[in-house]
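Both backbone and side-chain heavy atoms feed into the values below; hydrogens, waters and symmetry mates do not. Reminder, nothing fancy here: chain letters follow the sequence lines and each chain counts from 1.
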Amino acid sequence: MAEITGPVRVRFAPSPTGYLHIGGVRTALFNWLFARHYGGQFILRLEDTDEKRFVQGAADDIMASLRWVGVDWDEGPDIGGPHAPYVQSERKDLGIYQRHAEQLVASGHAYKCFVNAEEEEAMRAAWAAKGERPERFRFRGPERDWSAEQVAEAEASGRPYTIRLKVPLDGATSFSDLIRGGDRITIHHADLYDLVLLKTSGMPTYHLAHLVDDHLMGITHVIRGEEWVPSAPYHILLYQAFGWELPIFAHVPNIMRQDGKGKLSKRKDDVSTNRFWERGYLPEAMFNYLALQGWSYDDKTEIMSREEIVERFTIDRVLASPARWNPEKLKDMNGIYIRSLSTAEIADRIVPYLVQAGMISESPRPEDLSYVLQLVPLIHERLEELQQAPELLAFFFQELPTYDPKLLIQKQMDAPRTLDMLRAVHAAFNTLETWTTAGLETELRTLVERFGVKPGQLFGAIRVAVSGRSVAPPLFETLAVLGRERCMARVADAAAALE
RNA sequence: GCCCCCAUAGUCUAGCGGCCUAGGACGUCACCCUUUCAAGGUGAAGAUCGCGGGUUCGAAUCCCGCUGGGGGUACCA
């Protein structure tokens, strides 16, 4: 493994064709961690060279997702930098790619190809017809061997053309990868085709654009998804054609779908980064989980702060084998992070959810906030996602929905005895001097003894009476916060339901 | 079809030739705590280290083959 010395510059270059899914965030994260660990720079660049798939607003959405998990950039579309602009369509207007493509044509490494899409399709069909096996058609333009006059003539006629890389017919290209080990990957040129560098529209393809930009922007390490391994030889050929120094490659494995059938996809999986944000995943939990998708520190440590991960992240501990998306594990980790926050922090973070659920007003009053502060301890360690808060706290804000009175009757109890107990509870609530958690507990335990029942038989009935459900936060705390008035009313309602 | 990559329990992983009677985590199950649910604690089940050959005194670890999975095969990225 080559030692990493000197300044490193890496980039994440998403295509604004939709939201960013967590697999994309993971790739960005590894780049970012690499940059931060080695004290280098992390650059964000927008690769919007696909005019057809462009989605308005996607770029802002992607940047918001990255910022949310804590991935920030030193240079980028919105903040600029020494190599601005960082948006490829804008760079195209500057003629950067055109110029470089022409340069390769001039040096004989590329050529203008006048074969249009329909003609290419026909050639492909002819190829398929004559071959016994449906072998892949490896396009080589006839213009490879044209004379300067022929090219000039075709150009003069105004026919549209693409610029293609003139890939050698034989030989092979080998390259090394930081994650897979040195000089392991070899691809024969016969398996390649003449890649389009510049489209008919004058827009560069990803292959040309990313490479020119990486070079111009001084990118030292290309850390990208493993789906790029097969096209890496083209990139190497391109670097060689330009006479540029190669960056160091590191192809990180994809994150596979939960069922293991393929890599995560926007269309088939609910993995939009925004969705996790909305559901109440803490960015620090997502950061931690994602860092562990393909990277590990040792045989036991999993919960680590951003700082610890930055300090410990090295590319040689990134696996070559793909990880599988495991929402259960993420949820567990989110719970750990939620529990590590203070009451005030949780209160701050659940207020928006309560507002959205209509439980408190858009601009919460101080008394709303102090009420929330009282409620947080009741659900804090039960939260796995912040969005669960409104559901868990509903009965503190709203009238009870109608519930099945049978729920009031606990194990080995019957309706008459339950009714007796509820009436006694009502009376006790009425006369209780100190309406506090401790006072309530003392009082109710006395009742348990008086009725000679198990604690659960009494407490369970009160829980249902007061919350409308059999699973709820701890009882005495709940009663304390709910207040005497509402508790008495609800117990009275419960008793009435049993009569 | 062709090309490339990958392969330790259901899942994420530790392991980089002897410390492995394969360690940790999620999930599952049991028990403890306990007013429910959680959280916490203890423990259990779960891996012939995909299969077959080598190399070696010795292989989960190195090599080859096979199988399986994934990726690529666009004027998409």
**Message:** Set out, in order, the CA-CA distance, both residues' side-chain angles and the distance that settles side chain to side chain donor-acceptor pair (under 3.5 Å) for Y97(A) and D213(A), then state yes or no.
**Reply:** CA-CA 9 Å; Y97(A) 311 114; D213(A) 287 344; 2.7 Å; yes

**Prompt:** Between C2(B) and C64(B), how far is it from one C1' atom to the other, in whole Å?
**Reply:** 22 Å

**Complete:** N254(A) CG to A77(B) P, in whole Å, measures 18 Å

**Whole-angstrom distance between G72(B) and C29(B), as gauged at atom P** = 37 Å

**Message:** Can you measure L165(A) atom CG to C75(B) atom P for me and round it to whole angstrom units?
**Reply:** 13 Å

**Message:** Applying the Watson-Crick and G-U wobble criteria at under 3.5 Å, what pairs with C29(B)? Answer none if nothing qualifies.
**Reply:** G43(B)

**Asked** What residues, two or more places apart in sequence or in another chain, satisfy salt bridge (charged side-chain N to carboxylate O under 4.0 Å, His left out) together with R450(A)?
**Response** none

**Asked** Do the numbers put R26(A) on top of the ring of F30(A), so that NZ or CZ is under 6.0 Å from the six-membered ring centre and no more than 45° off the axis?
**Response** yes

**d(CZ, R224(A); P, C76(B)) in whole Å** = 17 Å

**Message:** Regarding K454(A), tell me which of base, sugar-phosphate or nothing describes its non-hydrogen contacts under 4.0 Å with the strands shown.
**Reply:** nothing

**Message:** Applying a 4.0 Å non-hydrogen cut-off, can you work out what M203(A) is touching in the nucleic acid: base, sugar-phosphate, or nothing?
**Reply:** nothing

**Request:** Decide if the gap between the ring center of Y281(A) and the ring center of Y337(A) is smaller than 6.0 angstrom.
**Result:** no

**Request:** Take E384(A) and R339(A), measure what salt bridge (Lys or Arg N to Asp or Glu O under 4.0 Å) needs, and give me the verdict at the end.
**Result:** CA-CA 9 Å; E384(A) 283 181 310; R339(A) 273 172 254 130; over 6 Å; no

**Asked** Is a donor-acceptor contact shorter than 3.5 angstrom present between the side chain of T200(A) and the base of C75(B)?
**Response** yes

**Message:** A quick test of your reading: do over 12 heavy atoms of other residues, nucleotides or ligands sit less than 6.0 Å from CD of E345(A)?
**Reply:** yes

**Prompt:** Which is true for G262(A) with a 4.0 Å heavy-atom rule: it touches a base, it touches only sugar-phosphate, or it touches nothing?
**Reply:** sugar-phosphate

**Message:** What contact category does P253(A) fall into here, base, sugar-phosphate, or nothing, at under 4.0 angstrom with non-hydrogen atoms?
**Reply:** nothing

**Prompt:** C37(B) pairs with which nucleotide, Watson-Crick or G-U wobble, both distances below 3.5 Å?
**Reply:** none

**Request:** Please measure how far the C1' atom in A39(B) lies from the corresponding atom in G46(B), and state the result in whole Å.
**Result:** 25 Å

**Prompt:** Looking at the side chain of R138(A), which of G27(B), C2(B), G72(B) is the nearest nucleotide?
**Reply:** C2(B)

**Request:** Indicate yes or no for a side-chain donor-acceptor contact from Y353(A) to the backbone of G280(A) under 3.5 Å, with no hydrogens or angles considered.
**Result:** yes

**Prompt:** For E328(A), does its backbone N or O pair with a side-chain atom of D332(A) as donor and acceptor, under 3.5 Å?
**Reply:** no

**Item:** U67(B) and G15(B), which share atom name P, separated by this distance in whole Å
**Value:** 30 Å

**Item:** Between C1' of A39(B) and CD1 of I346(A), the distance in whole Å
**Value:** 14 Å

**Asked** Heavy atoms under 4.0 Å, any strand shown: does P233(A) hit a base, just sugar-phosphate, or nothing?
**Response** nothing

**Fill in**
Pairing partner of G18(B), by Watson-Crick or G-U wobble and under 3.5 Å for both distances, is C57(B)

**Asked** Between the side-chain atoms of R53(A) and the base atoms of C76(B), is any donor-acceptor pair under 3.5 Å?
**Response** yes

**Asked** Expressed as a whole number of Å, how far does the C1' atom of C20(B) sit from that of U8(B)?
**Response** 12 Å

**Item:** Under 3.5 Å donor-acceptor, R490(A) side chain and A465(A) backbone
**Value:** no

**Message:** Of the listed nucleotides (C37(B), G71(B), C75(B)), which one gets closest to any side-chain atom of R382(A)?
**Reply:** C37(B)

**B/S/- contact track for nucleotides 7-15 of chain B, protein heavy atom under 4.0 Å** = S---BSSSS

**Asked** Does any N or O in the side chain of R317(A) come within less than 3.5 Å of the main-chain N or O of S296(A), such that one atom is a donor and the other an acceptor?
**Response** yes

**Fill in**
Whole-Å distance, D48(A) CG to A77(B) P, equals 10 Å

**Asked** Out of U36(B), C76(B), A77(B), which nucleotide sits closest to the side chain of V471(A)?
**Response** U36(B)

**K199(A) side-chain N/O to C76(B) phosphate OP1/OP2 under 4.0 Å** = yes

**Prompt:** Does R445(A) make a side-chain N or O approach to OP1 or OP2 of U35(B) shorter than 4.0 Å?
**Reply:** yes

**Prompt:** Counting side-chain heavy atoms from C-beta on, which of G70(B), A77(B), C2(B) comes nearest to D191(A)?
**Reply:** C2(B)

**Asked** Counting any heavy atom closer than 4.0 Å, what does K331(A) reach on the DNA or RNA strands: base, sugar-phosphate only, or nothing?
**Response** nothing

**Complete:** Closest of C75(B), A77(B), C4(B) to the E120(A) side chain is C75(B)

**Message:** Work out how far the C1' atom of G10(B) is from that of G27(B), and round it to whole angstrom.
**Reply:** 8 Å

**Prompt:** Partner of C2(B) by Watson-Crick or G-U wobble geometry, both contacts under 3.5 Å, or none?
**Reply:** G72(B)

**Request:** Can you check each nucleotide of nucleotides 61-67 of chain B against protein heavy atoms at under 4.0 Å and return B for base, S for sugar-phosphate only, - for none, in 5' to 3' order?
**Result:** -------

**Message:** Whole angstroms only, please: what is the CG-C1' distance between L330(A) and A25(B)?
**Reply:** 14 Å

**Asked** When we call it a touch if two heavy atoms are under 4.0 Å apart, what does T49(A) touch: a base, just sugar-phosphate, or nothing?
**Response** sugar-phosphate

**Request:** Using the closest heavy atom to pick a nucleotide of RNA chain B for each, name whichever of V115(A) or S470(A) lands nearer the 5' end.
**Result:** S470(A)

**Asked** Taking the six-membered ring for Trp, are the ring centroids of Y111(A) and Y161(A) within less than 6.0 Å of each other?
**Response** no

**Message:** Under 4.0 Å, counting only non-hydrogen atoms across every strand here, what does R339(A) touch: a base, just sugar-phosphate, or nothing?
**Reply:** sugar-phosphate

**Message:** Could you tell me how far apart R180(A) (CZ) and C16(B) (P) are, to the nearest whole angstrom?
**Reply:** 21 Å

**Asked** For H207(A), which residues count as a side chain to side chain contact (heavy atoms under 4.5 Å, CB included) partner, sequence neighbours excluded?
**Response** L195(A), T205(A), W228(A), S231(A), H235(A)

**Rounded P spacing from G18(B) to C62(B) in Å** = 12 Å

**Asked** Under the side chain to side chain contact (heavy atoms under 4.5 Å, CB included) test, which residues partner T173(A), sequence neighbours left out?
**Response** H189(A), P233(A), I236(A), L237(A)

**Prompt:** Start at the 5' end of RNA chain B and walk down; is the nucleotide closest to P474(A) or to C113(A) reached first?
**Reply:** P474(A)

**Item:** For U48(B), the Watson-Crick or wobble partner whose two distances fall under 3.5 Å
**Value:** none

**Asked** Among the nucleotides C5(B), A77(B), U35(B), which one has an atom lying closest to any side-chain atom of E47(A)?
**Response** A77(B)

**Message:** Applying salt bridge (charged side-chain N to carboxylate O under 4.0 Å, His left out), can you list everything that pairs with R144(A), at least two apart in sequence or on another chain?
**Reply:** D194(A)

**Complete:** Whole-Å distance, E449(A) CD to U35(B) C1', equals 15 Å

**Message:** With rounding to the closest Å, how many angstrom separate the P atoms on G23(B) and U35(B)?
**Reply:** 37 Å

**Message:** Using a 4.0 Å heavy-atom cut-off, does V453(A) contact any base of the nucleic acid, only the sugar-phosphate backbone, or nothing at all?
**Reply:** nothing

